[in-house]
Protein chains: 2
Amino acid sequence: MNLKELARKLDLSPTTVSRALNGYPEVNEATRERVAAAARRYNYKPNTRAIRLATGRAMAVGHVIPVATRHEIVNPVFADFIAGAGEVYSRNGYDMLLSVVPDDNEERIYRELQSRGAVDGVIIHAPRMNDPRIALMTEMGIPFVVHGRATGSALPYSWVDVNNRRAFQRATEFLLDLGHRRIGLLNGLEFMDFAIRRRKGYEDALAERGLAADPAIMSSDEMTEAAGYRAGIAMLTRPDRPTALLVSSMIMGLGLRRAIEERGLRMGRDVSVIIHDDELSYLRNGEDVPIFTATRSSVREAGRQAADMLLDLITGRQTGPVELLLEAELIIGQSTGPRPTS
Amino acid sequence: MNLKELARKLDLSPTTVSRALNGYPEVNEATRERVAAAARRYNYKPNTRAIRLATGRAMAVGHVIPVATRHEIVNPVFADFIAGAGEVYSRNGYDMLLSVVPDDNEERIYRELQSRGAVDGVIIHAPRMNDPRIALMTEMGIPFVVHGRATGSALPYSWVDVNNRRAFQRATEFLLDLGHRRIGLLNGLEFMDFAIRRRKGYEDALAERGLAADPAIMSSDEMTEAAGYRAGIAMLTRPDRPTALLVSSMIMGLGLRRAIEERGLRMGRDVSVIIHDDELSYLRNGEDVPIFTATRSSVREAGRQAADMLLDLITGRQTGPVELLLEAELIIGQSTGPRPTS
DNA sequence: AATCGCATTCAAACCGCTTTGAATGCCTCA
DNA sequence: TGAGGCATTCAAAGCGGTTTGAATGCGATT
């Protein structure tokens, strides 16, 4: 059952039927009702493909998921980010298009999505420093929202980000207040923007108390369990081992905990740990009592906000760059305590 | 740049250009090359919307990701499964459409995908016992592949699954061979098909040695870190605590390890643990030496296989139900040892 | 020289909707 | 009575491809 057929049954032109169903004002109310009834009766559903071609809108949003070619790693926060964004899309009748792409091949995919007219807008994931994608998107003229920011990018753009600098600054200050002086950092890869900002926050807090960051107890790596373990072992076997550590993710924190326990130490007593908690649904930081003291910010909520913002840009409800900075909470768990005396 | 324009530049008809690009045989080779060169030069990409309308094919595959309404949990294996499937799709020019849906609302979404003509086929995730979606898909006549199986479904259907029963049977036997007699199970939710099969394998192995499964040391829950911890604490505080545990996921295993260590026990000495390892990219089971003894099967590979199978069904390269049972490896790590004498 | 077959190419219809510009009918007002 | 205005409906032209059926040109065959 298509529009033409339905129109014939009603003895109306396709034009009128289309207008009746799409709520145009120039249709007689009686006619509109007749059409609506027939549409219901014959179970008419307009063909999406035709609508898209006719209107020129894709009614779809693209998410390009870069897979680190180096280690084939998929960022675990995507699942929850996308869950949040997906809610918003389906509420608004948009589809979500996912492209999984080796991260050395992203530009081609964006260009293709654009020229094929497959999407009306795009979410940029995992921005790096001076990320070239921002210039690319701007040049292509596709509405886009960045999840995170790209330090060094001259152009204005829309983004949703957590205040990573502030979060890690506060976390560091909290450790300093507990008396810690030797505080290590287990960071993500430091060409990722969020990692740069976290490091900045950490260094700023130390500097403010006249402490210098010690590269020997700062690491930067993929945020996996194994990397957390590896860096943990390396730092904790040093004679001048840190008494506290800042960790960029829950998963890394689990690896670190393994290292701590393997070294016969106790987390929260011998070594204090603060992680960043994205509130991944399958990896909650404890239930009533948090396992880790953490800077916390829901990545699912970020997904919702970014999707909302993007739809605003696509539909023209908003123009020009929009920015949203979410603050992370600092929640106190069992993994921190005063500097051990000894 | 569209087809008409490109044709004009080449001084050819749209027909010929279209055929040249789509590899039809009736085009002169010289012409084909000329067209290909021009397409490259002008960066021509056929408009997806138009192709879809003209051919009636969506050139897209749907993945419906159910989000557990109870706890809002996104299954962490999706990310890697989708990474695997996505590779296959993009190699074949298909798009991947993701719908994130509360799990009580799935049917409507499938019907909609179908009637809107948004996809050519669908992957069914996380099948449950007697899963109604199989009958639904069959009735709607959409090609589909199930990731997993649905015990109790009478209809034939295509699937890709791990031999979960066999994996857990072997794992249990391995523990029995190490002298363990009191072996617990930390399973996923037991309306999920894979969980039913794992339990079956575990019970079969016990029964074969004349042992009965003890419900007091069997749990079934969401596969989160917290649930692993909770079940671990519960079982390990029993006077007749198990000396070995089978765990349905790496993440749960991490929670269990936390419980073990908190109880002052040592994993691999006081308590043996075998997990199931999906080889999630961000959660590798150790690097050279596995942390956990594990039944191992790559979910990313499963994603590739399922996608391949689905495309075969869509294009008609395969008809009728196809089945693929992947065997899990049993890899020995540091989390198992002989039953402690005491 | 006329016919045929083959390799190429093309014009036009079509996919199913939206949208523009025009037409129709009826009522109102001068 | 005729013009103007308004409400309503319609025919036809897109959107950008694919596909059908016909046309063209040319060498080979009779």
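Remember, predicted model here, so these are calculated numbers, not experimental data. Side chains are part of it too, since the values below use all heavy atoms of this structure and drop only hydrogens, waters and symmetry mates. Every chain is numbered from 1, with letters handed out A, B, ... down the list of sequences.
We find that CE of B:M59 is positioned 15 Å from P of D:dG17, with the value rounded to whole Å. Between the C1' atom of D:dT8 and the CG atom of A:D11 lies a distance of 15 Å, rounded to the nearest Å. Counting to the nearest Å, the P atom of D:dT18 and the CZ atom of B:R57 are 9 Å from each other. Nucleotide C:dG16 holds its P atom 17 Å from the CG atom of A:L21, rounded to whole Å. Here the P atom of nucleotide C:dA11 and the CZ atom of B:R8 are 12 Å apart, to the nearest Å. B:E26 places its CD atom 10 Å from the C1' atom of D:dT19, with the value rounded to the nearest Å. Rounded to an integer number of Å, the gap from CZ of A:R49 to C1' of D:dT18 is 14 Å. The distance from atom CG of B:L3 to atom P of C:dT9 is 15 Å, rounded to the nearest whole Å.
At a threshold of 4.5 Å between non-hydrogen side-chain atoms, the residues B:L98 and B:I82 count as touching.
B:Y24 has a side-chain polar atom (N or O) that falls below the 4.0 Å cut-off from OP1 or OP2 of D:dT19. A close approach under 4.0 Å does not occur between any side-chain nitrogen or oxygen of B:T16 and OP1 or OP2 of C:dT9. Dashed line: the shortest gap from a side-chain N or O of B:S18 to OP1 or OP2 of D:dT18 is under 4.0 Å. A close approach under 4.0 Å does not occur between any side-chain nitrogen or oxygen of A:Y44 and OP1 or OP2 of C:dG16. In this structure, B:T31 reaches the C:dT9 phosphate: one of its side-chain N or O atoms is under 4.0 Å from OP1 or OP2. Listed pair A:N22 / C:dT18 meets the phosphate criterion, a side-chain N or O lying under 4.0 Å from OP1 or OP2. For the pair A:N28 and D:dA7, the criterion of a side-chain N or O lying under 4.0 Å from OP1 or OP2 is not met.
Enclosure of atom CZ in A:R57 is not indicated, since only 12 or fewer non-hydrogen atoms of other residues, nucleotides or ligands lie within 6.0 angstrom.
When atom types are taken as modelled, the side chain of A:N92 and the backbone of A:Y94 share no donor-acceptor pair closer than 3.5 angstrom. No donor-acceptor pair under 3.5 Å is formed between the side chain of B:S298 and the backbone N or O of B:E279.
Both B:T55 and B:E29 lie close to DNA chain C; mapped to their nearest nucleotides by heavy-atom distance, the more 5′-ward contact belongs to B:E29. Toward the 5' end of DNA chain C, the nearer of the two residues A:N47 and B:P14, judged by each one's closest nucleotide, is B:P14.
Ring orientation note: the planes of A:H147 and A:F81 are close to parallel, at an angle under 30° on the 30°/60° scale. The aromatic rings of A:F144 and A:Y157 sit parallel, their planes meeting at an angle under 30°, below the 60° perpendicular limit.
Comparing C:dC17, D:dC15, D:dT9 against the side chain of A:R19 picks out D:dT9 as the nearest. In this structure, the nucleotide among D:dT9, C:dT20, C:dG16 sitting nearest to the side chain of A:T15 is C:dT20. Closest contact between the side chain of A:A54 and the listed nucleotides C:dC17, D:dT9, C:dC15 involves C:dC17. With C:dA11, C:dG16, D:dC10 as the choices, the nucleotide that has an atom nearest any side-chain atom of B:S13 turns out to be C:dA11.
Looking at heavy-atom distances under 4.0 Å, B:I51 makes contact with sugar-phosphate atoms alone, never a base.
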